[in-house]
Novice: 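Can you keep this structure in mind? I'll have questions shortly.
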Amino acid sequence: MPDIAAVKAALADQRIETPSWGYGNSGTRFKVFAQEGVPRTPREKLDDAAKVHEFTGIAPTVSLHIPWDKVDDYAALGDHAKARGLELGAINSNTFQDDDYKLGSVCHPDPKVRRKAVEHLLECVDIMDATGSKSLKLWFADGTNYPGQDDIVGRQDRLAESLATVYERLGDDQRLLLEYKFFEPAFYTTDVPDWGTSYAHCLKLGDKAQVVVDTGHHAPGTNIEFIVAFLLREKKLGAFDFNSRFYADDDLMVGSADPFQLFRILHEVAQNGGFERETNVAFMLDQCHNIEAKIPAIIRSVMNVQEATAKALLVDREALAAAQRAGDVLSANAALMDAYNTDVRPLLAEWREERGLHPDPVAAYRASGWQERIVAERVGGEQAGWGA
């Protein structure tokens, strides 16, 4: 049986990175429902992120999105984060909002547009230098809507060339994380539609390029845990973007649609060394809080990952391995199901209390008065949000 002390120690090492854009107004493709008290500046986003870390104890880093989080002084922004017990995490690029990118960015047939996109990516590396960030996270909306619209192989060539330019700019301790998405906003072809395409480009680029697995970016029925296990084996899993989906890229709270899938994914992470610091897998949230309150939703998401992690760590690996060697299908499956069906909430409540945290982070946040304070104080100015 797993050693509970070892499980608690592993949980203490866990880190979840929260997204700056998750604290602002965001929504579906049809409507963004604005909320009172949401941040107006990147600094206020960090103030809210600090509350998530304060009550969970495992969310000390925040991803930035450029230009949504653009500031004049990134060192000062880093100091603001540090003063609140945070660090700035991955820098996320944006090559999907400008009108120039209607036909793509780094894959666009016009070299002037490609140059503009690459210059933005290089700017993001400059920001990494200023913030101390070690990861550049890339997602491209590039693709086509109609057969014959563009040359499929030609677009891959342009993509490879652009990525190589950015890769060469990275420092020795920096890396490029390439995300994929099987459709939307392009509906005929997407230039980075799956993990295989991302993996192939990262493999060609070199050791500093790794794949991002967004749990909402897969066709129905896709075995995401297989992808995770394969990429861990190849040392090419760089990061997760955690969320949940029912139909497509829903960006719902992680674990809300299929908590068993989240457990299965994290079981493969635990089984294959993905929680070890030297593996350097970043566990990030990427979610769209449209109808739910922002900060408690992010706290709940962090807790969902933590709960699934605790269950994954409780798998009796000796019994599982023995059953697998013996070809005992039912016992092997039972080893997973026993862990999944364990109620880990008392264990986590105890773990938090041992670290001076409230056993219920959501309740602690609601009792803190922070929500009432930001509603009262954040009046005027322009609210941050998707597209800010």
Novice: Taking the side chain as every heavy atom from C-beta outward, state whether I295 and I374 have any atom pair closer than 4.5 Å.
Specialist: yes
Novice: Less than 4.5 Å apart, side chain to side chain, heavy atoms only: is that true for E161 and R158?
Specialist: no
Novice: Looking only at side-chain N and O atoms, does R115 offer a donor or acceptor that is under 3.5 Å from a partner on H108?
Specialist: no
Novice: Determine the minimum heavy-atom distance between A209 and Y167, stating which atoms define it.
Specialist: N-CE1, 3.7 Å
Novice: Please step through side chain to side chain contact (heavy atoms under 4.5 Å, CB included) for the pair L357 and F55, ending with a clear verdict.
Specialist: CA-CA 6 Å; L357 301 170; F55 295 117; over 6 Å; no
Novice: So does L203 have more than 12 non-hydrogen atoms from other groups sitting under 6.0 Å from CG?
Specialist: yes
Novice: For L177 versus S135, what's the shortest heavy-atom pair and its separation?
Specialist: CD1-CB, 3.7 Å
Novice: Any chance NZ of K236 has more than 12 other-residue heavy atoms, nucleotides or ligands included, within less than 6.0 Å?
Specialist: yes
Novice: Indicate whether any N or O donor in one side chain lies under 3.5 Å from an N or O acceptor in the other, for Y180 and T190.
Specialist: no
Novice: Step through the shown structure and confirm whether more than 12 heavy atoms of other residues, nucleotides or ligands are within 6.0 Å of CD on Q35.
Specialist: yes
Novice: D98 side chain to Y101 main-chain N or O, any donor-acceptor pair under 3.5 Å?
Specialist: no
Novice: Any side-chain donor paired with an acceptor under 3.5 Å for D251 and N243?
Specialist: yes
Novice: Under 3.5 Å, is there a donor-acceptor pair between the D48 and W370 side chains?
Specialist: yes
Novice: If you take all heavy atoms of K208 and G171, which pair is closest and at what distance?
Specialist: NZ-O, 3.5 Å
Novice: Quick one: do L46 and I16 end up in the same hydrophobic cluster if we chain Ile, Leu, Val, Met, Phe, Trp and Tyr together by side-chain heavy atoms under 4.5 Å apart?
Specialist: yes
Novice: Is the shortest side-chain heavy-atom distance between K137 and E179 below 4.5 Å?
Specialist: yes
Novice: Does M253 form a side chain to side chain contact (heavy atoms under 4.5 Å, CB included) with R300? I'd like the steps, not just the answer.
Specialist: CA-CA 8 Å; M253 288 170 49; R300 182 67 257 181; 3.2 Å; yes
Novice: What distance do D100 atom CG and T95 atom OG1 have between them, rounded to the nearest 0.5 Å?
Specialist: 11.5 Å
Novice: Determine whether the side chains of S20 and D69 contain a donor N or O and an acceptor N or O closer than 3.5 Å.
Specialist: yes
Novice: I'd like to know whether CZ of R366 has more than 12 heavy-atom contacts from other residues, nucleotides or ligands below 6.0 angstrom.
Specialist: no
Novice: Do R352 and Q306 meet the criterion of a side-chain donor-acceptor pair at a distance under 3.5 Å?
Specialist: yes
Novice: Mind checking whether V254 and I224 sit in one hydrophobic cluster, side chains of I, L, V, M, F, W, Y counted as touching below 4.5 Å?
Specialist: yes
Novice: Other residues, nucleotides and ligands only: do more than 12 of their heavy atoms fall within 6.0 Å of CG on D173?
Specialist: yes
Novice: Could you state the interatomic distance from CG (L138) to CG (N94), rounded to the nearest 0.5 Å?
Specialist: 11.5 Å
Novice: Under the 3.5 angstrom rule, does the side chain of S26 hit a backbone N or O of G22 as a donor-acceptor pair?
Specialist: no
Novice: Please answer: with hydrophobic residues joined when any side-chain heavy atoms are less than 4.5 Å apart, are I91 and L121 in the same cluster?
Specialist: yes
Novice: Would you indicate whether Q324, at its atom CD, is surrounded by more than 12 heavy atoms from other residues, nucleotides or ligands within a distance under 6.0 Å?
Specialist: yes
Novice: Measuring from atom CG of L159 to atom CZ of R114, what distance do you get when rounded to the nearest 0.5 angstrom?
Specialist: 11.0 Å
Novice: Salt-bridge test for R345 and D343: reply yes if a basic N is under 4.0 Å from a carboxylate O, no otherwise.
Specialist: yes
Novice: Check whether the side chains of Q174 and D129 place a donor and an acceptor atom closer than 3.5 Å, and report yes or no.
Specialist: yes
Novice: Write down the atom of A59, the atom of T18, and the distance for their closest heavy-atom approach.
Specialist: CB-CG2, 4.1 Å
Novice: Atom CZ of residue position R233 - does it have more than 12 heavy atoms of other residues, nucleotides or ligands inside 6.0 Å?
Specialist: no
Novice: Between S63 and E17, do the side chains contain an N or O donor and an N or O acceptor separated by less than 3.5 Å?
Specialist: yes
Novice: Give, for atom CZ of R155 and atom CG of L103, the distance between the pair rounded to the nearest 0.5 Å.
Specialist: 7.5 Å
Novice: If we ignore angles and hydrogens, is there a donor and acceptor under 3.5 Å between the side chains of N304 and E307?
Specialist: no
Novice: On a heavy-atom basis, which atom in S162 and which in V106 lie closest, and how many Å separate them?
Specialist: OG-O, 3.4 Å
Novice: Ring of Y365, cation from K51 - is the NZ or CZ under 6.0 Å from the centre and inside 45° of the axis?
Specialist: no
Novice: With ring-ring contact (aromatic ring centres under 6.0 Å, His included) as the test, would you mind laying out the steps for F230 and Y199 before giving the verdict?
Specialist: CA-CA 10 Å; F230 181 92; Y199 173 71; 5.7 Å; yes
Novice: Could R264 and F260 be counted as a cation-pi pair, given that NZ or CZ must be under 6.0 Å from the ring centre and within 45° of the axis?
Specialist: yes
Novice: Specify the closest pair of heavy atoms between T342 and D338, including all atoms of both residues, with the distance to one decimal.
Specialist: OG1-O, 2.8 Å
Novice: What distance separates E225 CD from L262 CG, expressed to the nearest 0.5 Å?
Specialist: 10.5 Å
Novice: Can you find a side-chain donor-acceptor pair between Q287 and W21 that sits under 3.5 Å?
Specialist: no
Novice: With K204, which residues qualify under side-chain hydrogen bond (donor to acceptor under 3.5 Å, both in side chains), at least two apart?
Specialist: none
Novice: Tell me, with the steps shown, if F283 and F275 meet ring-ring contact (aromatic ring centres under 6.0 Å, His included).
Specialist: CA-CA 9 Å; F283 299 89; F275 287 125; 5.5 Å; yes
Novice: Should the pair E44-R378 be classified as a salt bridge under the 4.0 Å nitrogen-to-oxygen rule?
Specialist: yes
Novice: Is it the case that the side chains of Q14 and T309 hold a donor-acceptor pair, with the cut-off being a distance below 3.5 Å and no angle test?
Specialist: yes
Novice: Would you indicate whether E234, at its atom CD, is surrounded by more than 12 heavy atoms from other residues, nucleotides or ligands within a distance under 6.0 Å?
Specialist: yes
Novice: Closer than 4.0 angstrom, basic N to acidic O: yes or no for K8 and D13?
Specialist: no
Novice: Do M303 and L348 belong together in a cluster built from hydrophobic side chains that touch within less than 4.5 Å?
Specialist: yes
Novice: According to a hydrophobic-cluster definition based on side-chain heavy atoms being under 4.5 Å apart (Ile, Leu, Val, Met, Phe, Trp, Tyr only), do L232 and V305 belong together?
Specialist: yes
Novice: Under 3.5 Å, is there a donor-acceptor pair between the side chain of S198 and the main chain of V211?
Specialist: no
Novice: Hey, could you give me the NE2/CG distance between H80 and L86, rounded to the nearest 0.5 Å?
Specialist: 8.5 Å
Novice: If the plane angle is over 60° it's perpendicular, under 30° parallel, otherwise tilted; pick one for F240 and F242.
Specialist: parallel
Novice: Is the closest side-chain heavy-atom distance between D191 and F140 below 4.5 Å?
Specialist: no
Novice: Is it the case that K311 places NZ or CZ above or below the six-membered ring of F263, under 6.0 angstrom from the centre and within 45 degrees of the axis?
Specialist: no
Novice: Is there a side-chain hydrogen bond (donor to acceptor under 3.5 Å, both in side chains) between Q156 and H201? Walk through the geometry before answering.
Specialist: CA-CA 9 Å; Q156 290 297 310; H201 280 284; 2.7 Å; yes
Novice: Look at K235 together with D207 and state whether they make a salt bridge at an N to O cut-off of under 4.0 Å.
Specialist: no
Novice: Using a side-chain heavy atom cutoff under 4.5 Å and only I, L, V, M, F, W and Y, what cluster partners does I152 have?
Specialist: none
